[in-house]
Amino acid sequence: MDEFSFINTIKQGRYNQPSLVRGIGDDAAVFRTQEDVVTAVDTFVEGVHFSKKTMSPYQTGYRALAANLSDLAAMGARPVFYLVSIVIPKIWKLNELEEIFHGMRALARNHHMDLIGGDTVSGSELSISITVIGYVDQDMARFRHTAKPGDHVFVTGTLGDARAGLHLLTEDRECDYKNVAFFKKRHQMPTPRLEFALKLADIDRVTLNDVSDGIANEANEIAEASNVCLTLYDKEIPTSEDFGQFSLKMQHEWKYFGGEDFELLGTVAEKNWNSLVKAAKDSGVQLTKIGFVTNTNNEPAVFVIENDTKARLDKKGYTHLK
Ligand code: ADP
Ligand code: MG
C-alpha cells in the first residue's frame, strides 16, 4: 500500500468542528476562530516511550493522544484538532498501523476532535508525533505561574497507579497481585482530566499542571514558576485501594516520582474551593486537598510533612531537613 492509500484509510469521513475550513487533502489545514488557540506537541518513540511488549498498537495510539490531551486539560483548553506525524519502519504491518490510528480516534471521538493533517514517512523506528490544538476563551488559559500564598494545593484521581501498572507489565509478571488489570490499564489507557478542567471555567484563577513526570516534579514546577513554596501532607496524597500491596519503598517512589498518571495538580484560593469540589463531583473525578502555598523564605521549594517531620521534596529526590 502506498502513502496515498494509507492516508485515505485514516482520513475521517466527516468532521465535527464547525471552525474547520479545510482538513486533510491540501498542503495544509485551515481553521478560523475568535478564541485563544492553545497548541502542544509530543513525540513517542518505540523502545523509548513505549514497546510492543507492554502495549498493543491500539493502546499506543490511545495513550499518545491522551498524553497530549492532558496538556490541553492543564491549560484549561477544549481540544478541537490533532495532527499526526508518523515514522514507519518496514516491519510494522498495515493493520497494526491502522490500529494505532483507531486508538487515537476512539479518544478523539469522545472529545469531538478532528484529525486535520499530518505527515507519513518511513524510517528505522516507529515514532509518533502528535500536535494538538485547543480553544479557550480569551485570556482564560491556565498557567503554572499563578499560585499565591494561602492557596490550597489539590490533585485529581490517585497517584502512582500508572507506574505500578508498568511494573506489573515489565518486572513482576508472575506475582500474585490484586487488581492487576486496573493498574495495567492506568498505564496503557490513561484518562486526561479534560472534563474537570473545563468545569473550572467560572473560577478566575486556578493554577494547573498535569502529572506526566510525578508530583514531585510538577509541584516544583509550580513553585518555581509562581515563586512560592508548596507544602504537602504525605498522608493526604491519594492512592488507589490496592496500592498498599506494593512495598513501602515502591509506594513512596511511585506516588511522588512515578509520573504518567495524567492527573491534574493545582492550586486555588479558599474562596473557590467549593466550586472546585462541585466541578469534581459533576465530572466524576476524585479531588483531594493535599497541601498549601506559602511565601518563599529565600527560594521556591516543595516540602512534605510526614509523621511530624518536614522534608524537602526535590524534582527527583527527597532530602530530610536538619
Ligand atoms: P504535502 O506533500 O503537501 O506535505 P502530504 O502528501 O504529505 O502533503 O499529505 C497529504 C495530506 O494528507 C495532507 O493534508 C496531510 O496533512 C495529510 N496527512 C499525511 N500524513 C498524515 C498522517 N499521518 N495523519 C494525518 N494526516 C496526514
Ligand atoms: Mg504540499
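Ligands are counted one by one from 1 in listed order, and the atoms in each one are counted from 1 as well.
Close approach to Ile86 involves these atoms of ligand 1, each under 4.0 Å from a residue heavy atom: 23 (N). Atoms of ligand 1 found under 4.0 Å from any heavy atom of Asp26, numbered from 1 in the order shown, are 13 (C), 14 (O).
When non-hydrogen atoms are compared, ligand 1 lies under 4.0 Å from the backbone of Ile24 as well as from its side chain. Looking at Ile7 against ligand 1, only its side chain comes within 4.0 Å, counting heavy atoms. In Leu83, neither the side chain nor the backbone holds a heavy atom less than 4.0 Å from any atom of ligand 1.
Ring planes of Tyr135 and Phe31: tilted class, angle from 30 to 60°.
Of the polar atoms of Ser85, none of the N or O atoms is found under 3.5 Å from an N or O of ligand 1, judged by distance alone.
Residues Ser5 and Asn8 have side chains that never bring a donor and an acceptor to within less than 3.5 angstrom of each other. When only modelled atom types and interatomic distance are considered, His152 and Glu270 share a side-chain donor-acceptor pair under 3.5 Å. Glu241 and Asn179 are not linked by any side-chain donor-acceptor pair at a separation below 3.5 angstrom, with hydrogens and angles left out of the test. Checked by atom type, the side-chain pair Glu221/Asn209 shows a donor-acceptor distance below 3.5 Å.
A salt bridge does not link Arg193 to Asp210: none of the charged side-chain nitrogens sits closer than 4.0 Å to a carboxylate oxygen.
Among Gly25, Gly117, Ala29, Gly23, the residue whose heavy atom lies closest to atom 14 (O) of ligand 1 is Gly25.
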